[in-house]
Amino acid sequence: MGYDIAAKTDPESVIDDEWGGMWFLKAPLETDELGITVLELEPNGKGMEHDETESGQEEVYYVVKGTVDVELPDADETVTLEADEAIRLDSGETRQIHNRGDERAKLVLVGAPL
């Protein structure tokens, strides 16, 4: 078959409902070189601070709904993204996503190569 279909809720969320939800779609979509994740953060929710130095993958965060701050501690900078905005991050850039808004934020996270 030349394509695969997946829904956000096909895999279990890897974070508690009280913070939102995070669904890894790589396995359901059977991707080889691309990771894709849906992240929803409740107000005051945050993602894990991390970098991708070991994996070597760059990541793109696309905001579907809401506003988030992407903290970049290595650069001593915070980038605010609103709906329909995206950021690309080098693998070695430490990052952490925060929802400091009043509504649930929804993002699509893409990483490659795996």
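This is a predicted model, so every value here is computed, not measured.
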E33 side, atom CD; K26 side, atom NZ - distance, nearest 0.5 Å
8.0 Å
Is there side-chain contact between E82 and V63, with at least one heavy-atom pair below 4.5 Å?
no
Of all the heavy-atom pairs spanning W23 and E12, show the shortest one and how long it is.
CD1-C, 3.9 Å
Under 4.5 Å between any side-chain heavy atoms of E42 and N99, yes or no?
no
Got a second to check how far E103's CD is from L41's CG, nearest 0.5 Å?
12.0 Å
Given 3.5 Å as the limit, does a donor-acceptor pair link the side chain of S91 with the main chain of T53, or not?
no
Membership question, hydrophobic clusters at under 4.5 Å side-chain separation (ILVMFWY): are V110 and L39 in the same one?
no
Let me confirm one number: the CG-CD distance from D51 to Q57, rounded to the nearest 0.5 Å.
11.0 Å
Regarding D74 and T94, do their side chains bring together a donor and an acceptor under 3.5 Å, going by distance alone?
yes
In this structure, would V14 and L114 fall into the same cluster of hydrophobic residues linked by side-chain contacts under 4.5 Å?
no
Look up atom NZ in K106 and atom CZ in R104, then write down how far apart they are to the nearest 0.5 Å.
9.0 Å
Could you tell me whether the side chain of Y62 reaches within less than 4.5 Å of the side chain of D84, counting heavy atoms only?
yes
Mind listing the closest non-hydrogen atom pair of G101 and P43 along with its distance?
O-CB, 3.2 Å
Sole candidate of V68, L107, T67 that passes side-chain contact (heavy atoms from CB on, under 4.5 Å) when paired with L81
V68
Pairwise distance CD(E52) to CG(L89) - rounded to 0.5 angstrom
10.0 Å
Got T80 and R100 here, is their nearest side-chain heavy-atom distance under 4.5 Å?
no
Reported CZ-to-CD1 distance for the pair F24 and I36, which is rounded to 0.5 angstrom
12.5 Å
With R95 as partner, the option from E49, E77, E59, E71 fulfilling salt bridge (Lys or Arg N to Asp or Glu O under 4.0 Å) is E59
